[in-house]
Amino acid sequence: MSGFAAVDVIRTKRDGGVLSDAQIDWVVDAYTRGVVADEQMSALAMAILLRGMTPGEIARWTAAMIASGERLDLSGVSRPTVDKHSTGGVGDKITLPLTPLVAACGAAVPQLSGRGLGHTGGTLDKLESIPGWRAALTTEEFTAQLREVGAVICAAGERLAPADRKLYALRDVTGTVEAIPLIASSIMSKKIAEGTGALVLDVKVGSGAFMKSEEDARELARTMVELGTAHDVRTVALLTEMSTPLGRAVGNAVEVAESVEVLAGGGPADVVELTLVLAREMLVAVGLPDADPERALRDGRAMDVWRTMIRAQGGDPDAPLPAAPEVEVVRADRDGYVSAVDAYRIGIAAWRLGAGRARKEDPVSAAAGVVLHRKPGDPVRVGDPLYELRAEEPERIAAARADAAAAVSISTDPPEVRPLVIDRIG
Ligand code: URA
C-alpha cells in the first residue's frame, strides 16, 4: 500500500475535499499499525465530523475497517444467519429474548455484543449477572454453538475490526463519537466482519438514545442500510421510540429477570411488541416468513433455546439472580396520569445506582437498577408506587434520587403515548 503523509489526508478533509480510496485504505491501515498517531487520527475524525463524508467515502472507510481484522466464515452453519443491532437505549434488553426466539423459529443468530458505557446498558453486563455465564468464547466455540444451538450472545473478539476498537476509544475522548459516517462505519464494519447473512437494525430515537432527533436517526439508518446492502448483507432498519425506557426494568439482573418473563410468555407489552416486530423482520430477511414467533414464545420453544444457550456458556438458568440489599420505593404524591418517564434521566439514575460504568475498566453491580411500577399513560393515585431504586449501598440510592424524581411527571389528563415503531427503512 503506497504511503501518504497523514497531514495531507487531514488537510484534504479539513478543507472539505473528498478522500481517495487509496488515502482511506492507507490511513485506516496505518492508524491500526500505529504509524499514524492518535493526535493525527483525532484531527481527521474531527474534520470528518465537521465536513462529513460522501457515500463512496463511507463505503470505502467501512471496507478498510473490515479489512483491518478477520472476517468470520459462517458457511459451516446450515441454518440461515441473521443478527440484530440496536444503537442502544435504556432498558433495552431485547437481544436477550430475541436471540433464542429467532433461533427457535429456525434461523441461527450470531450476536456479538458489547458492554455498557454511560447511561445505556450493555448486553454482556446483563448476562454476566447469571451465575457462571461467560462472555468470552473462542471463534471455534462461537461457530460450534451457532451450529448446535442456533443462538450465541458473546463478546466480539480482538481480531474483529481492530481499527474500530482503536478508533472508537479515541473518538470517545475527543468529542467525535457523534459523526454519522463514523458511527455507521463503526457499527457496520463489526456486523459485516461477524459474517451474518442478514441484519436488522433497531435505530433508537429520543432522550435515551444516541440520536436525539428523528432526522439524524433516519440518516444513520439509511447510511447503515446502504453499507449492509453494498456488502451483500440483507439489511433493514426500524426507527423506534426511546424517550421512555423499554419495559419496567433498567439494570442488569432486573433486565435478565424481565427477559425471562417474556420468554415465559408474559412480560411488559412494549418489550413483547418490539421483540416480536424485530423477530418477524429477521425471519422475513432470511426467507422464513411463515415462522410464528408469537407461538414460539407461548409454547416454550424460545425458553428451551434460552436455557440451552445459557448453559452452553457455563451459566445456570435456574440459579437465583443477585438481589439488592437496599431498595427504596417512591410513591405518587398526587392523583393523575403518568405523563412522562424520561429515558435519559432513568438511565443516569440506574448508572448512579451502580448498574453502569463511567470508565471502560469499572466494574458494574449486577443487582442495582430501577424498576418502574408505572409507565406513561398509566393512571395513579396518591400513595401508589411509581418506581423503586435498588442498590448495594445506601449512598448510591441517595445519589440517584434526584435524577429518578426528575424523570417522572404526573399530569391531570391522560397523555398521548407515542407508538413504539416510528418507521421502517430498507
Ligand atoms: N456503537 C458503535 O459500535 N460505534 C459507534 O460509533 C457508536 C455506537
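Order of listing sets the numbers, starting from 1, for every ligand and every atom in it. Just so it is clear, the structure is predicted and the values come from calculations on it, not from any experiment.
Heavy atoms from other residues, nucleotides or ligands lying under 6.0 Å from CZ of R159 number 12 at most.
Side-chain contact of N252 with E128: a donor-acceptor pair under 3.5 Å is absent, judged by distance alone. Using modelled atom types and a 3.5 Å distance limit, the side chains of Q313 and E141 yield no donor-acceptor pair. Of the N and O atoms on the side chains of K204 and T240, at least one donor lies less than 3.5 Å from an acceptor on the other residue.
Salt-bridge check for E215 with R218: failed, with every basic side-chain N at 4.0 Å or more from each acidic carboxylate O. Classification of R357 and D125 as a salt-bridged pair holds, one side-chain N sitting under 4.0 Å from a carboxylate O.
Near ligand 1, heavy-atom contacts under 4.0 Å come from Y168, R171, I183, S186, I187, K190, F210.
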